[in-house]
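Both backbone and side-chain heavy atoms feed into the values below; hydrogens, waters and symmetry mates do not. In listed order, ligands and their atoms are each counted from 1.
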Amino acid sequence: MQAAQTHEELTAMAKIAWRNNARCIGRLFWNTLEVLDAREARTADEVFEACVHHLRFSTNGGRIRSAATVFAAVESCERGIRIWNRQLIRYAGYESGDGSVLGDPEQAAFTRRVIELGWQPPDEPGRFDLLPLVIEMPDQAPKLYELPRDAVMEVEITHPDLPWFADLGLRWHAVPVISDMALEGDGFRYPACPFSGYYMGTEIASRNFGDEKRYNLLPLVADRMGLDRSLRRMLWKDRALVELNTAVLHSFREAGVTVVDHHTASLQFMQHLQKEAECGRKVPGDWSWLVPPMSGSACPVFHRYYDDEQPGPAFVEQTNWE
Ligand SMILES: N=C(Nc1cccc(CNC[C@@H]2CCCN2)c1)c1cccs1
C-alpha cells in the first residue's frame, strides 16, 4: 500500500482528471475545482454527512462552486465505499402496469431497487420526488438516506414571454453532482468521489425535459404554443426546444443560480483549447459529447476534430448496482 496522497497531491490529481475529461465542455475552469477531503469517513452516516456538506458547499446559495468530495481509496480489486446513485440529486420514476412512468423514466429501475431496499415513496407520488441516497460501505448492506430538503436547491421553470409555461409545473435541481464514477490516477483509485459543477441549459431543457425517454415534453410544449404537429417540416420540435431552453436559462438566472448557455460554453471551450495549446498540452475531446444537443453547427466546437486519447488521471465509469 502506497503512502496516502497529501491534500495538495489529491487536489492536483482531481483537477487534472477534470482537465482530461474528453466529454466535458466546461474545462476552461479546471483549475478552480475545490476538493473536499473525506478520506477519514468510516461509516455510512459519515459518508452521508459529507455528501450533504458537498451539496451545501457547492450550491452556495446559487453561486455554484465546482467541487469534488473524495472518500477513501481502495486497492485495485476492492469495491470500497460506493454511492449507488448516478447523481446525488435525481427524481424518482414510478412505472405503472401499462409501462407509462410518472417522474423520470431514466430512474425507473433505480426507483424500483430503492423501494425493494425499503424506501417509502411519498403518499402522493409526483414527477419530481427526490430519491434517497444509497450508500454501501465495504462488507456491509447498503443503507438509505433521505436528503434534507434544505440542502437541495430547486428552480421552478417559467418563460419570460409565455405566461402559460409556469402552468406546466416544471422544476429542476440547481446542482448536478455525478456520484457513480471513480477517480483513478497516480496509482490510487477512489471509487466514491462525487463531483459537481453547474448546468449548461441544454442538459435540462433539451435532454432531461426534451428526450422521448425522459420527460418527453416537446409535444406538450408545441401544443401549448399552438404549433401544427402534423407536419415535421414545420419544425415544431425545434421551436419547442428553443422555448424550453429559453425558459430554463431565464428561470435559473432569475433564481440567481449559475447556469451557462451552450453558445457561451462553446466559446469558453475554444478559449480552453487556446490556453492548453499555449501550455503545450493536447486536449482530449469526444465530439459526440462536446457538441451541444441543439444548434450544433452554430457553436464553434462543432467545426473541428478532437484528439481521442484518454490520459490519466481520470474520472472513470465503474460497474454500479445493476
Ligand atoms: N453540468 C454537468 N453535467 C454533467 C456532467 C457529467 C455527466 C452528467 C450526466 N449526464 C450523462 C447523461 C447520460 C446520457 C446523457 N446524459 C452531467 C456537470 C456535472 C458535474 C460537473 S459539471
Qualifying side chain to side chain donor-acceptor pair (under 3.5 Å) pairs with a residue from residues 287-298, counting only residues at least two apart or across chains: Asp286-Ser288
Short list, please: which atoms of ligand 1 are under 4.0 Å from a heavy atom of [X]?
X: Pro176; answer: 1 (N), 2 (C), 18 (C), 19 (C), 20 (C)
X: Gly197; answer: 20 (C), 21 (C), 22 (S)
X: Gln87; answer: 9 (C)

Full working for salt bridge (charged side-chain N to carboxylate O under 4.0 Å, His left out) between Lys213 and Asp211: CA-CA 5 Å; Lys213 291 185 175 167; Asp211 282 9; over 6 Å; no
Flag if over 12 foreign heavy atoms under 6.0 Å of CD, Glu78: yes
Closest to atom 19 (C) of ligand 1 (judged by heavy-atom distance), picking from Ile178, Ile25, Ile64, Asn21: Ile178
Protein heavy atom at shortest distance from [atom]:
atom: atom 15 (C) of ligand 1; value: Arg207 NH1, 3.9 Å
atom: atom 13 (C) of ligand 1; value: Trp289 CH2, 4.2 Å
atom: atom 3 (N) of ligand 1; value: Glu203 OE1, 2.6 Å

Ser100 and Asp98: side chain donor to acceptor below 3.5 Å: yes
Protein non-hydrogen atom below 4.0 angstrom of atom 7 (C) of ligand 1 present: yes
Any protein heavy atom < 4.0 Å from atom 10 (N) of ligand 1: no
Thr202 vs Asn245, side chain to side chain donor-acceptor pair (under 3.5 Å): CA-CA, chis, key distance, verdict: CA-CA 6 Å; Thr202 52; Asn245 276 273; 5.1 Å; no
Pairing of Arg171 and Glu154 as salt bridge, 4.0 angstrom limit: yes
Counterpart residues, salt bridge (Lys or Arg N to Asp or Glu O under 4.0 Å), relative to Asp129 (two or more places apart):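 Testing Asp129 for salt bridge (Lys or Arg N to Asp or Glu O under 4.0 Å), a comparison that skips the adjacent residues, returns none.
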